Structures are given as C-alpha cells and as structure tokens.
Amino acid sequence: MTGDWIDIGAVVEIPLRGARTVPVAGGEEIALFRTGDDRVFALVNRCPHKHGPLSQGIIHGHAVACPLHNWRISLETGEALGEDKGCVPTVPVRVDAGRILIARLALLATAIAA
Amino acid sequence: MDFQGRTTVDETDEGPSGAAREHLVVIGNGMAGCRAIEELLARDAGRFRVTIFGAEPHVNYNRIMLSPVLAGEKTFEQIVINDAAWYADNAIDLIAGDPVIAVDRAAKTVTARSGRSVAYDRLLIATGSDPFIIPVPGKDLPGVISFRDMNDVDAMLAAADKGGDAVVIGGGLLGLEAAHGLTLRGMKVTVLHLMPTLMERQLDEAAGWLLKTELERRGQTVLTGADTAEIVGETCVEGVRLKDGRLIPASLVVMAVGIRPSTGLAREAGLAVGRGIQVDDHMVTSDPAVLAVGECVEHDGQVYGLVAPLWDMCRALADGLVGQPTGYRGSVTSTKLKVSGIDVFSAGDFSGGDGAEDIVLRDASRGVYKRVIVKGDRIVGAVLYGDTADGGWYFDLLKKQEDIADLRDLLIFGQAFASGGGASAPKAAVAALSDDAEICGCNGVSKGQVVASIAGGACSLDAVRATCKASASCGSCTGLVENLLALTLGDDVKAGPKTLCKCTSFTHSDVRREIVEQGLRSIPEVMQALHWSTPDGCSSCRPALNYYLLCALPGDYVDDQQSRFVNERMHANIQKDGTYSVVPRMWGGLTNPRELRAIADVVEKFNAPMVKVTGGQRLDIFGIKKEDLPAVWADLNAAGMVSGHAYGKSLRTVKTCVGSEWCRFGTQDSTGLGVQIERMTWGSWMPHKFKIAVSGCPRNCAEATIKDFGVVCVDSGFELHVGGNGGIKVRATDFLCKVTTEQQAMDYCAAFTQLYREDAWYLERTAPWIERVGLDYIKARIVDDEVGREALTSRFLFSQSFSQDDPWAARAAGAEREQHAHLGEFRPIEILAAE
C-alpha cells in the first residue's frame, strides 16, 4: 500500500478482455477490467439496470456488456451506452510498473456508501 | 489448368458468318488483354474472331490478387477472372503456355515458341511488364526470384514450406506485399530498401516511418538505405551482402525493385517504342493494324504500373475497335497496400513544390496520419495512413479538380465532417462521387457500373455482386455498394440478409463462407480479413465468430473464453441475483440412487435454496455462488455425473418416455435409444441450444414433435422429425423421413445436427433456420444425398471426438481457478489504519 493508492495485484492476473473482482468488506464489490488495448478500468460491479455483475460480461473496446440483459456500459464513464440510461460509479485506478493501484478514498467511499 | 498443346480452332469450322469476321490476335492473356476482349464482347460480340496467346499455362487471373494468394487469404481458383468456360462460351481460342516470340508485320503473322504461326487482321499487344532485376553478382542463383506471376508465388510457397530466412529486395508496394505473405507463411523476413523510407514513391516520410514501425512490430526486419552489393551462395542462394559489408542470410531472395514495360517483341517488330510501346488516344501503335494496351504501353509520355489506368485504356480500345472512338486521356492513379491490417492510401503528387500547401492530421494514439496537398484550392495529392476511409473522396476531388475553398477548414477531417456530418453522411459520400469513381478496386468496377447494375434490376447486395462483380472479391467496398443501393433504390432495397452485427458489413453466411474459403483461424484474423469496424468486436459478433471458428476447425481452433457468454465461461446458468444454477446430465432422463444422493448432498452442503425438475427431465440446483462452483462440480463428478450443458449453445437434453420396456403401447426401446443418442451428441457446440426427444409410440409422451430433432417410434421403425420449438413461438416439427433401424436413426440425427451446425447463423434455432432455407433443402441434403449425409455424419463424429470432455471435471481439478477467485479483498478498517 502506497499512500493514497493501494496495490491490489498485477495487471497480468487479469486476462486481456477479461475482468476480476475485488470485494470490499462492508462495501460494494469492485470489478477490474483489462481491455484488448491493455488498459485497466474499474467500476462498481453492479449494472445500473438490474444489478448484474458487470465483471462477468463480454468486454469489447472500452465497454462491457452486462451478462443479465446485455446493457452496454462504458468502462471510462460508467454510463450506459446506446438507448439505455443509467450510470455505475467508476473507481479511480492506475497502473504502475505492472501493478494495479486503486485510490484509497474510492475504496472507503464504496464502504461508506453501503 | 494446362492449355498447353491445345490446337487452334480448325479455320474451316467457323460457322456461316465466320469467314467474314476479322481475326483479332491478342498477345498476352493477362488483365489487360482479357479485359480488352471483355470490353469488346460487351460492345459487339460477333465482330471479331479472337485468338489469345498467353505465356503462362493458366486462364486469365487477377494479378493484383497474387499477394492475397501468397498470404494464404485466397486460392488461385478465387483469383481467376475468366475460367475456361468463358473462353469456350465466347469462341475465343486460348493458346496458353506458348509465348509469342516474333511478329511479322508485313505478312501479318505471329509466331509462338512452339513454332505455331497464326495470321491476324488486327493484332493487340498486351504483354504487360517484366520485373526489373538488379544486375548484381549472384542474381541468377537458384532461390532468387521475382514477384510477378503464379510461378513466382509457387516458388515462394515452396521455399516457405522449408521455413528459414527470406530477403525481399525492394520496399515498395510489391516488395512489402511479398514480405507480408512470406511472414505469414512462417519465414523470417528482412526487407532491404535502397531509399531512406519505405514506399517513397507513394508515401511521404511520416507515413513511411509509421509503416516501417508497424512492419517491425509484426516481426519483420526493415533495413532502409540498404544497397545490395551481391547475392552470395555456392549452388543456391545463401545470403545478401550489402555495400556496407553486412551479410544477411537467406534461403530465398525476392527481387521486387520495380517493373518495366515489356517491349522486346514490339521493338523487334519495328514498332515505335519509347519507355513503352507508343500508342495514340485509341491505343493504336505506329502500325495501324497493331494495337497495344496495359503496362507495356506509353501514352502521352506516361507509363503505368497500376490496374486502374488499364480499365480506362481497355474502354478506349474497345470503343475504337467497334468504330465509336472515345479516346483515352491518361489516368490519375491511386494506390493501396494489400497488407491486411495496414491501411495505406496514396494518390497524386505529394512531393509538394511551389505553391503547394500541406494540411496534416496526426492522431498518434490511433496510429492515424493524413496529409492532403493543396495547390490553388485544388487537391493535388493525398497520403493516408491508418484510416483510409476517405481515400476515395479525396481521390475523386483530385481527379475532378474540384474547388475545395469552401471545404478547406474541414477537409482533413474527412467527408463526413466536411459535408456536415450526421447519420446521412455515408450516403452523401457516395452520392458525391462521380460516375467514373472506382468503387471496387479488385474488379475495376466504377460507381456508374454499380448504379447501372442496380438500375438493371439488382436490388440486393448479392444481386449486385452477381451482375457486376462489385464487392464480390475482398469485400472491403461492401459498405459503399450498400450505400449505393440505398441511394438508388431508397426503400426498395431488398433488405438483404442482415449483417452479423454493427461491426461488419458481412452477413452471417458471408462470414461463415469466408472463414472456410480464406482459411481464417482466429477471431482477430477474421476481423482483420473482413475489415471489422471495431477493434475487438462486440458482445454479438465475438461469440458468433468463436462458434464459427470452432465449427470450422474442430480440434484445431483454440476456444476464446473472453468471447463466450458468461454461462459458457462459467459452465453454469447465471440467475437474476448473480448466483448460478447447476444441471448435471441425466442420460435420457434416467437417474439412480447414487446420483440422487449426490445431488441431495450438494443441495445441503452449499445451502442451495431450490432444486427444480426441469422440462428436460433433469434436476436444476439453484443459488450456487461463483466461488463454490468448482466444489459443487467436484462433488457431482465424484458421483459419476457430468455437465448437462444446460447453460450452453449446445446439445441440452434428450427427453424420452419409457417405451417398450414398460409401456403397454411402446413400440421400441425409446429410453435406450435416447440414451444412445445423448451419448453420441453430448458436448457438441451449436449455433443455439438444441433439444432432442425420443417417443416410444405415436402418443408422443416425450413431446418429440416440438424438439429440434425428434424421433417417434412406430411398429415398423422410426419417424424422424426436425425443427420443432416449444419456446416463444411454438412450432411443431416437420416430418423428415422414416428409417427402419436404430443405427439409421442415429446416423440421420448426426447428419442433421451437423448440417445445422455448419449452416445456421449463430443464435438461430432450427425452427427459423428451416423456415429460412426450406424443408426441401434439408431433405435434399439429408435424405436424397446419401453420400452427403454420410459425410455430414462423419464430420459430426469427428468433431465430437474433440468436444466430448466434461468442462466441470477440468474446472473441479483447478483449471482456470482464477475465474472463481477474487483478485484481492479489502477491509476498510485496514485501509483506515494504513493512513
């Protein structure tokens, strides 16, 4: 753990176009996505529609299709794409030397929000 | 296809009008020679008796598609322009594999290498061009070849089979395409280019650099400023030595430094020859009886090495031959690089010069570079790298010399922007093209020809492809053709089959066919070859492509987990609360105490809140957490149960009744047959879920007539039914046929299943599939065609030999453990404490 950013694992632990989850005790589960162009994004693991686990969806470009009803959610903004309306909180994330770091405050926030 | 040694048509056997017809002899069976004849036939088919001499032992093929052949994206058959039937149908005498070696203009005869002599009334020389071989020591060693015809491609393929190192001398269009093909064929390729940047005749430095970077990223070595001193080797080529002393090992050297007009024959015949055979605006040489067309000619001081001018020349030539001369006025050319995934476009003059201004756009993250060169409010050149969608538009503005003063500010952003953007932009884009703008580069089809074909009744993409060939080759112009259809017909466009998804202009059927024909082997390869418009597809196309590849390449294709819907990735059904339900297989609906006990134990151990008997005679255990799935599977496996694939686009259940064993009406052992069929079909991936049932008598207790494949046992055998659906839209089955033995019932079942697997669109169940293709088609393939049926059956069984392993067992044993584990966990208290 380094200051305001918390190390949660190596980028390579997430397959390309795959996702992994990070549960937060007393808070919302966070989904980490690794896209085809090797960017890492983090969202609360809950579709704004019917709360489907976004981490289980198919990732394409910088979007994920929710496994329950195929809503497409932007990984960059958390907004539903296309005709659908809704938004899921994004979590600040960065990659440093192959490690994934999540903003400490964001982790606290998901716990407090719950 | 070898036409060597074929004798010429007996001149006395000509038909009544034959004697009066002039004899047109063509030297050159290539793109120009045959195109000229095509144009001529279109104007006046009866005017000439035609003989074509070809040096190569082939029918007429598309030379610009040699690169895709080398790259393995096409076969020779796919690049044939006119097959043997075309020559026969048009009474053209083809003498292939026998090059003409002399022309006697006084006697009006040509003589071929075999000694054959043929008299002409008019002669058309279309000898094309020869590869330029740099005169260095070692240039004649075995293993040094050019890249010009099918022979060269065959030689390269043979060399690539042995692997090893290849050197391509020349970093122009042809050299880079050769290098690309050899790289794909597994050779380690070094490109030697004399100039400081690649394709310097077509690209400026910036684009050349981007291109070099991309090629190096793909594993090629690119040496610019590389001057070849000699080719070394004892009995065959071993390497290339540069003037700076470097030695690059190679077992194959491809010389692709340029071409020059093939003029030897014309020169010896005493025709006026400059850089090429000199012709006037009607392609007539210094001898009025001799015409010339294509890369071998010089018109108005220009020689051309590209295909587009050739179409223009052939039109002028044919007009002249039928007595309605129009005249050729020279061509402005554009080029594209045929290397999959690298989009390069260049047109006109980009070298700048007095009064020329550059408008440049660079988008580093997308790898896009665009440069438009403007002189006095007219476009004089354009170089596009990475995004060439607007190439045609710039080229059209350039050719027509349109005033772009009003567009100037938006010009570089492309047509959609410059013409106001919005959803209608693509159509506006094609509307703005002139009639002679080229739509399909592969087949040389202009907008005017496409529109004419539509006006002539072609009201769907397929019809356009069939009538004028536009978009029938590589398919990259499909979007343009569709826009032309929409533009010309408005709402009357026959909404052809829907495209697979928004990422492509190809339909499901197109994609399936291209995968097989082009031998595509992975999802990225399909997306690249078929010009996908998105970087990695979407949630619709990726599962479909994954399935199509799996079906086309059983045992070979590596499944892509990230392209599978969550159910298939987790081997369980996701439910509304994010938990999963698990359905073990119960063969033919049978179970026993051990299995029932194992299921009961799992339900208790994992606190599953519900167990449900399904419609397919199995037990569904609900409410299992993702992380518990491997343990659940392990327990079920321990009792001998395997995955029921209730989550997959695959064979689900084989429902049965008790049949003759217990039932007083049962005519056959329907339960036993159901078990056998399930043992044969389980584990197979399908376009959609697939259900089977076997009923023991016409009372049909297993409801076989609403299943994808149903068997109804009768006294005299087995009635086979197909295409039933009990889902949203209930559909009773169609009767396929009746068979007499269990083995036949099994074989027909396998054949039908495989036909569905190979034929249907992804997510299309058998009911809509059969309604689409027609029951007659199914019967023709399964019932009437015995050989075809047996082939389908054996393809199904072959595929099954790879797919019948239990995915649960692998997961329970620890495969892809991370799918079920969290990346990390957090307790906010610790986070606070760390502060």
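Note that the structure is predicted; figures quoted are calculated from it, not measured. Chain letters run A, B, ... following the sequence lines, proteins first and then strands; every chain starts at 1.
For Asp37(A), no part lies under 4.5 angstrom from a heavy atom of chain B. Of the atoms belonging to Pro53(A), it is side-chain heavy atoms, and not backbone ones, that fall under 4.5 Å from chain B. With a 4.5 Å cut-off on non-hydrogen atoms, Leu16(A) touches chain B through its backbone but not through its side chain. There is no contact between Ile30(A) and chain B, counting heavy-atom distances below 4.5 Å.
From Ile58(A), atom CD1 reaches atom CD of Gln561(B) across 11.0 Å, with rounding to the nearest 0.5 Å. To the nearest 0.5 Å, atom CD1 of residue Ile59(A) and atom CD of residue Gln562(B) are 6.5 Å apart.
With a 4.5 Å cut-off on side-chain heavy atoms, Asp560(B) and Arg17(A) do not count as touching. Side-chain contact between Glu818(B) and Arg20(A): present, with at least one pair of heavy atoms (C-beta onward) separated by less than 4.5 Å.
Scanning residues 566-575 of chain B against chain A with a 4.5 Å non-hydrogen threshold yields Val566(B), Arg569(B), Met570(B), Ile574(B), Gln575(B), sorted by number.
The choice from Gly9(A), Ser55(A), Gly52(A), Gly57(A) that makes the most heavy-atom pairs within less than 4.5 Å of chain B is Gly57(A). Counting heavy-atom pairs closer than 4.5 Å to chain A, the top residue among Ser539(B), Cys503(B), Gly578(B) is Ser539(B).
Residues passing the side-chain contact (heavy atoms from CB on, under 4.5 Å) test with Glu764(B) are Ala760(B), Trp761(B), Pro768(B), Trp769(B), Arg772(B), sequence neighbours excluded. Thr77(A) meets the side-chain hydrogen bond (donor to acceptor under 3.5 Å, both in side chains) test with Ser74(A); sequence neighbours excluded.
Looking at every heavy atom in both residues, His822(B) comes nearest to Thr21(A) through ND1-OG1, 2.6 Å.
Under the ring pair (Phe, Tyr, Trp, His ring centres under 6.0 Å) criterion, the residue pairs touching residues 69-98 of chain A are His49(A)-His69(A), His49(A)-Trp71(A), with sequence neighbours excluded.
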